Amino acid sequence: MSNWARRHKDFPTPVRSGDMELFREAEILRWLANRTIPPRQLVNEEQTGTTYADRFLARGKHREAGPKAARSLSPRSADEDRKAVDQLMGRLAERVRGPAAMADFVNLCLIVMYVRHAEPEQWRRIESAVSADRGAQDVKGLLSSLGDMAQDTLRRNGDRTDMRSSLLQLEPRSWDDLVTAVRTAAGTGVGAFQLVWESFSSRDGLKSTEFCSPAGLASLAAELLLAPGRKATVLDPYTRGGEMLAAAYRHIGDAGGTVYGETLDGRLQAVASLYLLHLGVQPKLSSHRSDRWPPRREHVADVVLTNPPFNMSDAPGPGRRTGNWPYGPPPRGNDNFAWLQYVLEALVPGGRAAVVMPVKAGNSVNSAERGIRRALVRTGAVECVITLPPQLFSATPVPVSLWLLRRVEQPEREDVLFVDAQELGERNRRRRVLRDTDRDAITAVVRPWLDGAELDGAEYALRAADRGLSVAVVARADIVSEECSLRPADYLGSGHYGAAPDAARLRAADDEATAHGHGLRLLEQRAAGTGSGYRAGPGPGGWEEALLGDLCEIQAGPSYTRLPAAARAGDAGVPLVFPQDLVDGRITDEPHSHVPWKTAERFEKFLVRQDDIVCVRTGAQRRPALVSGPQVGRLLSSNVTRLRVRPEAGVDPQYLHACLGLRYAREWMSHRAAATAAPSLSSAALAHLPVRLPPIEEQRRCVGLLEDLARRAEAYEAYAAALGRLRAELAEHLLHGSVEPL
């Protein structure tokens, strides 16, 4: 402990007890949770991303209070962080900021998050002010205290941003609103900092200069050009919120090296400073560039990672005249190729850069830009261009590519690698997100190329296709002789056939269709062998008839006053069952809402069991759902009713579920629902639904036949879908000539 305290200025303050200095365990855990273990120092079964707090907890060196404090900061608390950020950036933000800009409220959240986790001594003063509950008269006092702390923190780290004035722009509606915002921000983990900034970036109306770089994109850039545990100097000449530098730090770990940043916007510099401090990085940021494109650089770097503004116009003045343009003067009105040259000039000889560029920069028709592209290709500065998935940025629809550049005196390769990764990524709200598996796929294909490996073009394309990528290796001479396009699609499609279709995908589609066909034939043989059919019957004369209330216990969900919307918990806890969850006679696997575990304990009698039947109570009638498997243990919402067959009733639950799905039963329930704006079927009315029952053995035979037909129908649907996939894949090969009809 004493070692850490001497080496790190942000280490928690000790408490003296006699002659001893003691440290609060919860504060130590929070501090450790900000520090990821470098990959080369991982032990046993620790995974990449493990923090020192995770190691501390795993080895059992904690008391009861410890785990709770650290869990809120570990990667496992991502869902809780997202819920807290959704609360912060929703109506609460509007109530706290008043007429102030949203950026001012974001500053409040970020400074609270930083001070809460990194400067516990200062945070105690804020806790005291919040706990005093002095009301509206001290709103400005609390904002002023937070602003002073922000100023002090930033200036100690070389940032002169006036954060205090920004916080004093806020006009909260009440003291309680401000305190709620402060406590919500303080209760989040390390990952919430990036979530707040991303949430702000997703707002409409932001310019290209203002939004942040998605975390997955920043991580991809770092993973492509940096080696874990290897010292490097990294620069981002357009730092935004610090995402690229943060990704570089996470990837390098404690190997040493320096991360530098430049920005033209002092407000963004403050955000980046806090973000890097939040991660335990001493920021080296500047916003003093008096010249937009200075001919002499303050820093040079081994690696540049940057996401400059897209398609922005250069401000009038001396910048264009004084800039250093070894590949040709960029056109006025668009700085895309000014940034590329500025980046290359910032590299040491042999240094590499990853630059986010709009896709259209790769084949723009502007003669100056075409000339710069030609010079970049001829000199070997362009190593690889990767087209990224669409909608990575929620604030802009502009499709982007990642250009990988290198500063070389003479070309080291005769080819350029083009990669199309547009099919990767996962849909998340309004945008797509690069997952770990997506980044792994891209780096597995691109890193060997950057490392100089000699690769067979056809084999290389097949390996890339197995990972969901399309690649083309194109000679520099061929690129220059065309329109000097650096857009991957011009070599992978749009009139160019490119590499042969992936044989492995065709085999997989064929195998899948064959397997489904075989399974379908087995089902049909079994049905024929067991006499699974039907014939004319004598009718229901001799069957019993009973009321539903005599066959089942009928339990409506808890009233809305007992379980209001405010009691729900979003993505964690016990799932609720709503009418919209009843689909095709079953409950969907993805619940819409949850209630906390402790809340659910008070509503135990409303839980569902195996073979319960759930009906719509309020709203448009749907086919009732039979509970099975993963749906067991869910909780009724106010809008549904549960039927539980009485053991002595002599009715099979699956037979009763089939009866309730009949046209007669659905119409009966619809007609008896109260004719109001929101139709409602009471338990008393439902109890009078008449049900006809044959002997129990015949009930089970009926259910067996219906289940057999359902399985066969599902098998036919799966087989048809597999044939459709096989057809699409086979068309690629037939029309390419790599296979031919028999």
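Remember, it's a predicted structure, so these values are computed and weren't measured experimentally. Each residue takes its place number in the sequence, starting with 1.
- Every residue meeting the salt bridge (Lys or Arg N to Asp or Glu O under 4.0 Å) condition with D177, not counting sequence neighbours, appears here in chain and number order: R95.
- Here CG of N334 is found 12.5 Å from CH2 of W339. Values are rounded to the nearest 0.5 Å.
- In this structure, the side chains of V234 and Y249 stay at 4.5 Å or more apart for every pair of heavy atoms.
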Exercise for the section: For side chain to side chain contact (heavy atoms under 4.5 Å, CB included), just list the numbers for L195 and M89, CA-CA rounded to whole Å, side-chain angles, deciding distance to a tenth of an Å, and then say yes or no. Expected result: CA-CA 10 Å; L195 293 175; M89 301 299 284; over 6 Å; no
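- Within the 4.5 Å cutoff, no side-chain heavy atoms of L405 are placed close to those of L347.
- Considering all non-hydrogen atoms of both residues, A354 and L404 come closest at CB-CD2, 3.7 Å.
- A 4.5 Å side-chain heavy-atom check between P330 and D335 finds every atom pair outside the cut-off.
- Under the rule for a ring-ring contact (aromatic ring centres under 6.0 Å, His included), F337 has no partner lying at least two apart in sequence or in another chain.
- Separating the CD1 atom in I372 from the OG atom in S364 is a distance of 9.0 Å, to the nearest 0.5 Å.
- Expressed to the nearest 0.5 Å, how far CG of L344 lies from CZ of R406 amounts to 12.0 Å.
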Practice task
Would you sort out whether L402 and V356 count as a side chain to side chain contact (heavy atoms under 4.5 Å, CB included), showing the intermediate values?
Solution key: CA-CA 5 Å; L402 193 63; V356 181; 3.8 Å; yes
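- A search for ring-ring contact (aromatic ring centres under 6.0 Å, His included) contacts involving Y327 returns nothing, not counting sequence neighbours.
- When all heavy atoms of P389 and G425 are compared, the pair lying nearest together is CG-N, 4.4 Å.
- Considering only heavy atoms from C-beta on, S219 stays 4.5 Å or farther from H251 through its side chain.
- Between L492 and V419 the shortest heavy-atom distance is CD1-C, 4.3 Å.
- Proximity of P308 to V355: side-chain heavy atoms (C-beta onward) are separated by under 4.5 Å at one or more points.
- A 4.5 Å side-chain heavy-atom check between E345 and R407 finds at least one atom pair inside the cut-off.
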Problem - Working for salt bridge (Lys or Arg N to Asp or Glu O under 4.0 Å), residues D86 and K83 - result: CA-CA 5 Å; D86 287 345; K83 285 187 291 184; over 6 Å; no
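- Listed for the D438 side chain is a donor-acceptor partner under 3.5 Å among the backbone atoms of R435.
- Nearest heavy-atom pair, V115 versus M149, reported as atom, atom and distance to 0.1 Å: CG1-SD, 4.0 Å.
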Practice task
Evaluate side chain to side chain contact (heavy atoms under 4.5 Å, CB included) for T387 paired with F418, printing each intermediate quantity in order.
Solution key: CA-CA 8 Å; T387 303; F418 292 97; over 6 Å; no
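- No donor-acceptor distance shorter than 3.5 angstrom exists from the side chain of R352 to the backbone of E383, with no hydrogens or angles considered.
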Problem - Residues L225, D302; criterion side chain to side chain contact (heavy atoms under 4.5 Å, CB included); working and verdict - result: CA-CA 10 Å; L225 299 189; D302 303 311; over 6 Å; no
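- Here the side chains of L108 and L143 are in contact, with some heavy-atom distance below 4.5 Å.
- N363 CG to E369 CD: the interatomic distance, rounded to the nearest 0.5 Å, is 10.5 Å.
- Between V96 and A181, the shortest heavy-atom contact is CG2-CB, 4.0 Å.
- With hydrogens and angles left out, the side-chain atoms of T443 and E223 include no donor and acceptor closer than 3.5 Å.
- Across all non-hydrogen atoms, the minimal contact from P488 to V385 is CG-O, 3.7 Å.
- The shortest side-chain heavy-atom distance between V348 and T233 does not fall under the 4.5 Å cut-off.
- Put simply, the side chain of R240 gets close to the backbone of N307: a donor and an acceptor are under 3.5 Å apart.
- Between atom CE of residue M357 and atom CG of residue N336 there is a gap of 4.5 Å, rounded to the nearest 0.5 Å.
- Distance check: S470 OG to Q422 CD gives 9.0 Å after rounding to the nearest 0.5 Å.
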